[in-house]
Amino acid sequence: MTTSALFAAVVRASQSDAWTYVITGWLLTGAVVAGYWLRTRARIRVGETRLSAERDQ
Amino acid sequence: MRLWREASLVAAKDLRIEARSRIALGQILPFGIIVAILFAFALDPDSGLLTRVAPGLFWVTVLLAALLAVGRSFAVEEKSNARDGLRLTGLDGSAVFLGKMAAIAAELFFLEILLGIAVVILYGVEVNGVVVLLAAAPAATLGIASTGTLYGVLAAGLRSRETLLPLLLLPVLAPVLLGATRAFEGGLEGAPSDAWPWVGLLWIFATFYTAFGVLAFGTLWEND
Amino acid sequence: MPLVEFHSVVCLLGTFPALAGVDLQVEPRDIVLLEGPNGAGKTTLLRLIAGLIPPHSGEAQVFGLDLFKDRRSARRRLALVGHESYCYDDLTVMENLQFTFKASGVTGMEINSVLERTGLDGLAGVRHAHLSAGQRRRLALANAMVRNPELLLLDEPHAGLDEEGRACLHEIIASAPSEGRTVVLASHELELSRQLANREVRVESGTIVKSGRGEL
Amino acid sequence: MNPRDQLLDPRLRRVIGVGAVIGVVALCLFGLWGAPPDDRQGEAMRLLYLHVPSAWLAYFAFLVTAIASALFLWPRTRSIVWDRVAGASAELGVIFTGLTLVVGSLWGRPIWGVWWAWDARLVTTAVLFFLYLGYLALRRIPGDAISTGKRNAIAALIAFVDVPIVHFSVEWWRTLHQKATVFNPELSARIEGVQALTLWIAVLAFTLVYVYLLDRRYRLAVIDDVLAEQALEQAIKIRTGDNPGVGR
């Protein structure tokens, strides 16, 4: 079940359009918060590898 | 009081430069009137809408003109590095703040009078409740001048100051625009009792940021 | 107690270490010549002494005041002549000097005598914008002298001055010790400056490499 | 690892991280499935479980920024730690303010039929968003640590002082036009029982997420500073290293 299939299923399940807004809102919030966390974590990893590389010199 | 002597020295210097260069009168005032005319183009003049929203358009124009006045006030210090000269005199930061703020406020107030006359003529506004207008305008002007001077020095010397100043200053001035417009509407529609609370808000805003400037300006002014 | 006392001072311009560990002492009534290649950090050193820029690390004292704590109080007793004139375009020579004079709260100095010493007496009513580059250099010198400084910092003051201007400059520097004034002079005009200086300091790549006394 | 390099103790951070995950899962279960739809608003009510906590978190984040800025300005407590906390918290504040606005308009569409309504709280949040966007723009401009720290701290305080004034004036302005606005989310949603519980879970989950992200963003700021310091030492070596050789 790819994510797009899952998303389509959820949307179809919601006859009333209210559910579309609810799903969009929740997915968007999740995406933004998770995106920010992953981006910060990735930049920390890059920084720490450069730091340890510098220390080994 | 040494502070007031030094502050009036700085204000006199700024106002003499303005009198010589005629930037506020020769460029910023025409800019204001052009903006007022552009609003008339945008809104259909004979629908009576223009008269109703005249206070709001007036104060938006004043805010835009204030951006130019603040920019000009600190551009003067950049030229031939006059800013370092002013710092080298050892003047106290709060004196420089009050001086520059007073000069900007004077220019703005002078601007508001002339722009006000233009708006009254262009938009066909019949003026009453003058007491409220005279109570609100100085408060709004001091509010704009104090935050403008604070952010002016904060952005001075930074590469992107022309674009940074509006982004920093306009959101902070949202309550001033709200208060001044509502106060003017109350005054003009002959319902001053509605206007007085907004005048109070404007004076609180102005006093607060003037005090904030006196305390914080020195630190910002010394930053290179 | 030396007027200026620096130990391994580092100073940044943005992220560039303009001064990378400077040790310097300046005694009262000294005339110190700072020489060295362009970009060595002479200008930064003078601006640091004047308290215009913050030191990053090390120990830095001017008039006994720690520059890390207070960069402003020492300014009342010093003046800096930089590459720019520090004046306002729309004001006249006299108005610029009067503003500096009143703003500095100085006593014991007469504006007209400063105008004469710098050869600007004929230009008092001329606007700064209308002055030539050379005249602005003289105005920069006058703007400093009008404050009757105990410590006079000069950043390449010879640049742009004509014969008469240089004569005025020399008279001011030469008479400094007798007027109780100390001078720190950054210059590339080594022959001229060496006639005046009693100490020479070589600055290279942000540090002081040679410092001699009386090497005339 | 000296104390300034970590905001939270690693063990505490892991606990908060796990707590945040549990909170989010619970929020999804309750928010999307557990809590019944509101009798008046229907399913759209589920968006409030995001809108209300993110609005609360935005204010809280900007309060943290203001306190950290004040501590940085106070000479005795001045430390780079507070400048980093102020920056990290403001960044999160702007994200939560943005989410509040977007989710707010997503909620407004089915309920009011409009993407945006000049409701007092939404207007205040919008002004807040741009207020701190300017602050973040100012923070990006480099310079000497102490002087930029002071500049940022003062800008943060200028912005924070404006928040109550904006809130007060906008509240006045909007209630001037509609007495008790039916659009007011709290008023129209008589929430109790499972819905109230869900809202509390949401607030808790959001707060844990905020604290965890604050620590991570602080850690990133530490690394950026250390790398900058190393680059500086390198530059000093190069600057003085070639001194005896070619006089530059």
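Residue numbering restarts at 1 for every chain, and letters A, B, ... go by the order of the sequence lines. Worth knowing before you read on, the calculation uses all heavy atoms, side chains too, and leaves out hydrogens, waters and symmetry mates.
Rounding to the nearest 0.5 angstrom, the gap separating the CG atom in D/L227 from the CD atom in A/E48 is 10.0 Å. With values rounded to the nearest 0.5 angstrom, D/L106 atom CG is found 7.0 Å from A/L28 atom CG. The structure places CZ of D/R216 at 9.5 Å from OG1 of A/T40, a figure rounded to the nearest 0.5 Å.
Residue contact with chain A, scored on non-hydrogen atoms closer than 4.5 Å, involves the side chain of D/R109 exclusively. Proximity to chain A (any heavy atom under 4.5 Å) is restricted, for D/I95, to the side chain, taken from C-beta onward. Only the side chain of D/L99 comes within contact range of chain A, with heavy atoms under 4.5 Å apart.
Heavy-atom neighbours of chain D within the stretch residues 29-36 of chain A, taken at a separation under 4.5 angstrom, comprise A/T29, A/V32, A/V33, A/Y36. Residues of residues 20-32 of chain D that come within less than 4.5 angstrom of chain A, heavy atom to heavy atom, are D/L27, D/C28, D/G31, D/L32 in numerical order.
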Taking only distance into account, with no hydrogens and no angle test, what donor-acceptor pairs under 3.5 Å do side-chain atoms of residues 196-207 of chain D form with protein atoms, sequence neighbours excluded?
| residue | atom | partner | partner atom | Å |
| --- | --- | --- | --- | --- |
| D/T198 | OG1 | D/V194 | O | 2.7 |
| D/T207 | OG1 | D/V203 | O | 2.6 |

**OP:** List the steps and the verdict of side chain to side chain contact (heavy atoms under 4.5 Å, CB included) for D/E43 and A/Y21.
**Re:** CA-CA 9 Å; D/E43 301 299 345; A/Y21 292 106; over 6 Å; no
Original post:
For A/R43 and D/I223, what are the C-alpha separation, side-chain angles and deciding distance, and is it a side chain to side chain contact (heavy atoms under 4.5 Å, CB included)?
Top reply: CA-CA 9 Å; A/R43 284 173 62 193; D/I223 291 173; over 6 Å; no
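The candidate with the highest count of non-hydrogen atom pairs below 4.5 Å against chain A, out of D/D224, D/V103, D/L50, is D/L50. Of the listed residues (D/V209, D/L213, D/V222, D/I111), the one with the most heavy-atom contacts under 4.5 Å to chain A is D/L213.
Other residues, nucleotides and ligands contribute more than 12 heavy atoms inside 6.0 Å of the CH2 atom of A/W26.
Partners of D/Y210 under the side-chain hydrogen bond (donor to acceptor under 3.5 Å, both in side chains) rule, at least two apart in sequence or in another chain, are D/S89.
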